[in-house]
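Here is the structure we will look at, set down as structure tokens.
Since this is a predicted model, take the numbers as computed values, not measurements.
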Amino acid sequence: VDEERLGSYREPVFTLPEQEQLSKVQHFWLLAAENTPNPLPDISELMSNDDWAALQVSASDALAVFSCRGKSSEECEIT
């Protein structure tokens, strides 16, 4: 989620729980990105990192919330 566009994900298109999950994913994404060494370590080391583990949990929680609505229509533009 682009930090500048985060505020544009609002009702009625996005429910309050969906907005909250997007904010959480954004928070953990930025935290993980900020604390990831450059160059990237081996993937096994990266996946055992607490920041990346928190991002994974947050993304899984968001998926559960968004799965309640199901897929969006590909024929209708959401504005």
- Message: What I'd like to find out is whether the side chain of W52 reaches to under 4.5 Å of the side chain of T36, using heavy atoms alone.
- Response: yes
- Query: Can you name the nearest heavy-atom pair linking G7 to R10, along with the distance?
  - Reply: O-NH1, 3.5 Å
- Message: So, taking the atom named CG in N35 and the one named CG in N49, what distance separates them when rounded to the nearest 0.5 Å?
- Response: 7.5 Å
- Task: Determine, using the 4.5 Å side-chain heavy-atom cutoff (strictly less than), whether L46 and F28 are members of one ILVMFWY cluster.
- Result: yes
- Task: Flag the pair L22 / F66 as yes when at least one side-chain heavy-atom distance between them is below 4.5 Å, and no otherwise.
- Result: yes
- Just wondering, are more than 12 heavy atoms of other shown residues or ligands nearer than 6.0 Å to CD in E4? no
- CD (Q26) and OG (S58) are apart, to the nearest 0.5 Å, by 10.0 Å
- Item | From CG (L31) to NE2 (H27), nearest 0.5 Å | 5.5 Å
- Please tell me if the side chains of S8 and R5 come closer than 4.5 Å, counting only heavy atoms from C-beta onward. yes
- Item | Atom pair CG (L55) and NZ (K24), whose distance is rounded to the nearest 0.5 Å | 13.5 Å
- Query: To the nearest 0.5 Å, what is the distance between CE (M47) and CD (Q56)?
  - Reply: 4.5 Å
- Item | Heavy-atom pair with the smallest gap, counting every atom of V13 and E18 | O-OE1, 4.0 Å
- Would you find a donor on one side and an acceptor on the other, under 3.5 Å apart, between the side chain of S23 and the backbone of Q19? yes
- Query: Where do V25 and A62 come nearest, in terms of heavy atoms and distance?
  - Reply: CG2-CB, 3.8 Å
- Taking the side chain as every heavy atom from C-beta outward, state whether Q21 and D61 have any atom pair closer than 4.5 Å. yes
- Hey, could you give me the CG/CG distance between L30 and D51, rounded to the nearest 0.5 Å? 11.5 Å
